[in-house]
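Here is how names work: the chains are called A, B, and so on, in the same order as the sequence lines, proteins then strands, and each is numbered from 1.
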Amino acid sequence: MRAEDYIEGLLRDILQEKGLQWPDKTVIEPPRDKRFGDVACNVALVAAGQAKRKPRELADEICTLAMERGDLLDKVETAGPGFLNFTLTPLFWQRTVNQVLEQGDAYGKCDVGKGRRVQIEYVSANPTGPLHVGHGRGAAIGDSLTRILRTANYDVATEYYINDAGRQMLLLGMSVLARCKQQSGQDIPFPEDGYKGDYIGDIAAALLRERPDLLKANSDEEAERICQEYAVADISAGIRADLDAFRVEHEVWFSEKSLVDAGAVEKTLEGLKKRGLAYDKDDAFWFKSTEFGDDKDRVLRKSTGYLTYLASDITYHENKYDRGFSLVVDVWGADHHGYIPRMKAAVQALGRDPEDLQVVLVQLVNLLRGGEPVAMSTRAGTFVTLQEVVDEVGADAARFLFLSRRSDSPLDFDLEVAKQQTMENPVYYVQYAHARICSLMRKAAERDLSLEENARGDNGILGRLDSEEDMLLLKQIARFSDAVDGAARGLSPHIVSYYLQELAGAVHRYYTVHQVLAASDGDVIRARLLLMSAAAQVVRNGLALLGVNAPESM
RNA sequence: GCGCCCGUAGCUCAGUCGGAUAGAGCAUCUGCCUUCUAAGCAGACGGCCCGGGGUUCGAAUCCCUGCGGGCGCGCCA
């Protein structure tokens with residue numbers, strides 16, 4: 001049980017007895033300063049008004065009552081303007097070792113989601129070129145969010161939206177066809193807005209090898225279609241392989257084209273019009289997004305007759321809700337932030353609460369090498385691909401670094417630092433804590449100090465975990481569920497990353513101060529082994545939320 | 001011009017549904033390996049939380065305003 005929950009239970013009883021309402025503004029949390037105890041609460045401050053009492057006096061009364069009935073309370077104090085500071089008994093914290101060992105991989109699970117069905121759509125890069133570093137950050141975030149939300153008891157489905165309809169597909173076909181012709185000796189100009197990357201030439205060459213008669217046997221139009229289909233298939237396969245190597249999985253690959261071809265978009269537009277949320281103007285067809293707070297209305301069908309991207313995107317989101325997801329999370333590049341108001345408007349037009357759509361914005365990745373920026377341009381085709389980065393620094397380091405900042409702030413990613421196995425690279429700091437403990441366990445096994453026997457909830461020996469470092473580590477372990485909870489509520493994987501660095505710090509400190517296997521007597525050795533085992537379990541569970549491996553030796 | 005995000009230690013950043021003396025890592029300096037992995041630990045140094053107003057018992061956090069930086073503003077996707 002969390003310390004905060006234990007205290008809240010106590011306080012609720014006391015307030016009820018005093019005939020006071022539980023104030024909404026009550027905060028129960030570990031205080032910033034450790035000298036204020038394990039848990040601090042402002043309830044006397046925020047309830048003073050309704051009690052018609054001075055905060056300090058009310059606090060003193062609650063203090064006395066809490067001390068009387070809190071079996072696991074060591075100390076309660078009032079402080080400052082009327083804060084209540086609680087210190088729990090060592091036993092309370094020592095019990096967490098058993099909780100961790102009993103629950104194992106399940107330790108840290110919480111019920112923020114209450115089984116709510118949620119879909120996370122992420123990466124969703126156009127199949128017009130390989131994934132680059134920025135996509136990698138989005139991939140790491142989407143995948144980690146999936147793991148975090150599942151741990152918080154959300155029913156999560158993952159999806160990749162393939163933008164395989166529209167103009168950029170035509171452009172892709174034209175680009176490949178142009179390269180085919182050039183490689184066949186024709187001196188023709190390359191399309192102005194075409195995709196210039198080297199991979200287009202590679203695709204063209206491969207296609208020509210497979211279909212030597214491509215240019216002769218087909219009309220330009222037909223050849224272009226073949227080029228497009230071939231290129232999309234080739235690039236999509238590459239994207240899947242890249243994501244696979246990055247250990248990122250999408251359960252569903254959803255085709256935009258399939259929506260358009262099935263007439264679903266037309267149906268959505270009709271529905272909007274019927275409800276008076278869309279109208280004709282200037283030969284175009286408009287969505288009345290201003291009805292729901294957008295700056296201006298948006299075009300759904302251009303005067304040329306073509307649908308806009310927004311039109312199919314609305315349909316896509318309607319489709320998501322129709323499939324039974326009550327919460328939809330979209331992970332987008334931050335350059336799409338201007339698109340949020342119209343999508344929120346669309347969600348409302350579909351009859352949903354705007355909160356049923358959560359957009360996680362992922363800021364730019366600045367790729368550096370030894371502190372110097374690496375030049376990148378998609379247009380010129382000089383970008384660094386995700387695959388290159390993963391090959392160079394490994395999936396673990398890349399994922400951890402991508403997840404070590406809040407997603408909406410820009411990230412400097414230095415390839416040299418990512419490769420370094422030093423403290424500048426926090427992933428090794430965390431993994432090393434795990435490897436060190438595993439090494440201890442191996443040594444313990446050699447000496448027949450089997451943990452199986454010890455893990456049977458013997459609180460007697462856990463009482464030997466009574467030093468300052470024991471308490472620090474125990475409390476840090478117990479805080480894991482807070483990290484999961486916070487990360488799930490805020491859709492913020494970086495909270496787990498920060499937590500793990502602190503946990504690893506507590507482990508390393510402990511390891512340096514206390515000899516585990518050379519302790520004074522057998523009970524202390526066994527107790528410390530149990531503690532270490534629990535710490536390793538939580539490191540593993542935390543890293544699992546980030547999709548990073550926990551090696552047993554390094 | 002309008003909108004969104006950002007401005008915290010020399011550097012990179014946490015902390016922002018208001019709480020007590022503002023945190024971490026890196027860098028710099030000082031210590032710690034004949035003993036469980038030194039990829040580690042301990043300590044020191046380092047701050048007008050961009051400036052200015054306001055709200056209140058209390059502001060890095062909320063509001064207004066100025067400055068500085070990033071991004072977006074299409075019948076593009």
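- Between Y498(A) and A24(B), no base-stacking contact is recorded for ring centres under 5.5 Å apart and planes less than 30° from parallel.
- Residue-to-nucleotide proximity on RNA chain B shows that, of L361(A) and R405(A), the 5′-proximal contact is made by L361(A).
- Look at C33(B): its glycosidic torsion is within 90° of 0, and that puts it in the syn range.
- One can find a donor-acceptor pair under 3.5 Å joining the base of C71(B) and the side-chain atoms of H337(A).
- Distances from the side chain of T512(A) to the nucleotides A77(B), G19(B), G40(B) place G40(B) closest.
- Side-chain N/O atoms of E318(A) and T268(A) include a donor and acceptor closer than 3.5 Å.
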Stepwise side-chain hydrogen bond (donor to acceptor under 3.5 Å, both in side chains) test for S467(A) and D470(A): CA-CA 5 Å; S467(A) 71; D470(A) 282 304; 2.7 Å; yes
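- Using N1 to N3 plus N6-O4 or O6-N4 for Watson-Crick, or N1-O2 and O6-N3 for G-U wobble, each under 3.5 Å, C71(B) pairs with G3(B).
- In this structure, F36(A) forms an aromatic stack with the base of A20(B), since both conditions hold: centre separation below 5.5 Å and plane angle below 30°.
- As rounded to the nearest Å, U8(B) and A14(B) have C1' atoms that lie 10 Å from one another.
- Comparing atom distances between the D282(A) side chain and each of C75(B), A77(B), A42(B) picks out C75(B) as nearest.
- Remark: the N85(A) side chain and the A20(B) base include a donor-acceptor N/O pair separated by less than 3.5 Å.
- Using a 4.0 Å heavy-atom criterion, one finds that D335(A) contacts the sugar-phosphate atoms exclusively.
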Run the numbers on F83(A) and F36(A) for ring pair (Phe, Tyr, Trp, His ring centres under 6.0 Å), then give the verdict. CA-CA 9 Å; F83(A) 287 102; F36(A) 294 129; 8.0 Å; no
